[in-house]
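Working notes, structure below.
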Amino acid sequence: MAVFSRGFTGHRPEPDDSLPPGQHLTQNFPVLSAGPTSSIPLEEWEFFIQTEDGETHKWNWEEIHALPFEDIETDLHCVTSWSKLGTHWRGVSLDTLFAGVKTEYRYFMAHSYGGYTTNLILDEVLGRKAWLAFEYDGNDLPAEHGGPARLLVPHLYFWKSAKWIRGFVMQANNNPGFWEQYGYNLHGDPWREERYS
């Protein structure tokens, strides 16, 4: 008769080549946030892009919903080691938002309602690589997952996909955002396992 201690959890799963290194598959959608869940009334919601010359491009809820929406199917990879495959989103490509924006800067800081920030490289979010997402799995994006709108940058660790997105401020240097100031990698490529600096 076998005796198992309370700490026995079975064998580790075999490595999965479809996942980045150090990741494990989940069927759930874990809720992780740096602070409390933000609640933004739609009539007060606004998104902006501010350039180095002080010009600010703004969209309210109605204006942003008048832009072309895209359906996105993508995998998600969190720095805490979970991956969720084949997720379905709907939103506006950052290519659409940056189409009328003139900037010489290569970097920007994403700002969220609630104060969260994360730094990104402009070239890495264009070319249909990133979106403002308003729907998840056929429904309005719930607040715990960043609704009414979140940034979706699926080729980077999920902390780069800022919840409750409010706007972008262009910057000359790749200055660190919230988690990056605490030692997270400035870039965050899961396939290179760029978790920490």
**Prompt:** Rest of the hydrophobic cluster containing V169 (Ile/Leu/Val/Met/Phe/Trp/Tyr, side-chain heavy atoms under 4.5 Å)?
**Reply:** F48
**Request:** Classify the side-chain pair S83/H77 by whether it contains a donor and acceptor separated by less than 3.5 Å.
**Result:** yes
**Fill in**
Heavy atoms of V125 and D95 approach each other most closely as O-OD1, 4.4 Å
**Message:** With heavy-atom distances below 4.5 Å as the criterion, would you say the side chains of F108 and T103 are in contact?
**Reply:** no
**Aromatic plane relationship, Y196 with Y184 - under 30° parallel, 30 to 60° tilted, over 60° perpendicular** = perpendicular
**Asked** Taking all atoms of both residues into account, what is the closest heavy-atom pair of I165 and A110, and its distance?
**Response** CD1-CB, 4.0 Å
**Item:** Closest non-hydrogen atom pair, L85 against S18
**Value:** CD1-OG, 4.5 Å
**Fill in**
Looking only at heavy atoms, the pair that brings D123 and K129 closest together is O-NZ, 3.8 Å
**Message:** Looking only at side-chain N and O atoms, does S197 offer a donor or acceptor that is under 3.5 Å from a partner on E180?
**Reply:** no
**Message:** For V153, is there any backbone N or O sitting under 3.5 Å from a side-chain donor or acceptor partner on S161?
**Reply:** yes
**Fill in**
Residue set satisfying ring pair (Phe, Tyr, Trp, His ring centres under 6.0 Å) with W61, at least two apart, ordered chain then number -> W45, H65, F134
**Prompt:** How are the rings of W159 and Y157 set to each other: parallel, tilted or perpendicular (split at 30° and 60°)?
**Reply:** parallel
**Prompt:** Within the side chain of T117, is there an N or O that forms a donor-acceptor pair under 3.5 Å with the backbone of F178?
**Reply:** yes
**Message:** Looking at F29, I'd like to know if its CZ atom is crowded, meaning that more than 12 non-hydrogen atoms belonging to other residues, nucleotides or ligands lie closer than 6.0 Å.
**Reply:** yes
**Item:** Side-chain donor or acceptor of D189 paired with backbone N/O of W191 under 3.5 Å
**Value:** yes
**Message:** Would you say that more than 12 heavy atoms from the other residues, nucleotides or ligands in this model lie under 6.0 Å from the CZ of R166, or not?
**Reply:** no
**Asked** Do the side-chain N and O atoms of N119 and N174 include a donor-acceptor pair separated by under 3.5 angstrom?
**Response** yes
**Asked** Which heavy-atom pair separates W164 from T37 by the least distance, and what is that distance?
**Response** CZ2-CA, 3.6 Å
**Prompt:** How long is the span from the CG atom in L152 to the NZ atom in K163, to the nearest 0.5 Å?
**Reply:** 13.0 Å
**Prompt:** Once the angle between the rings of F98 and F168 is folded into 0 to 90°, is it parallel (under 30°), tilted (30 to 60°) or perpendicular (over 60°)?
**Reply:** parallel
**Asked** Are more than 12 heavy atoms from other residues, nucleotides or ligands located less than 6.0 Å from atom CD of E43?
**Response** yes
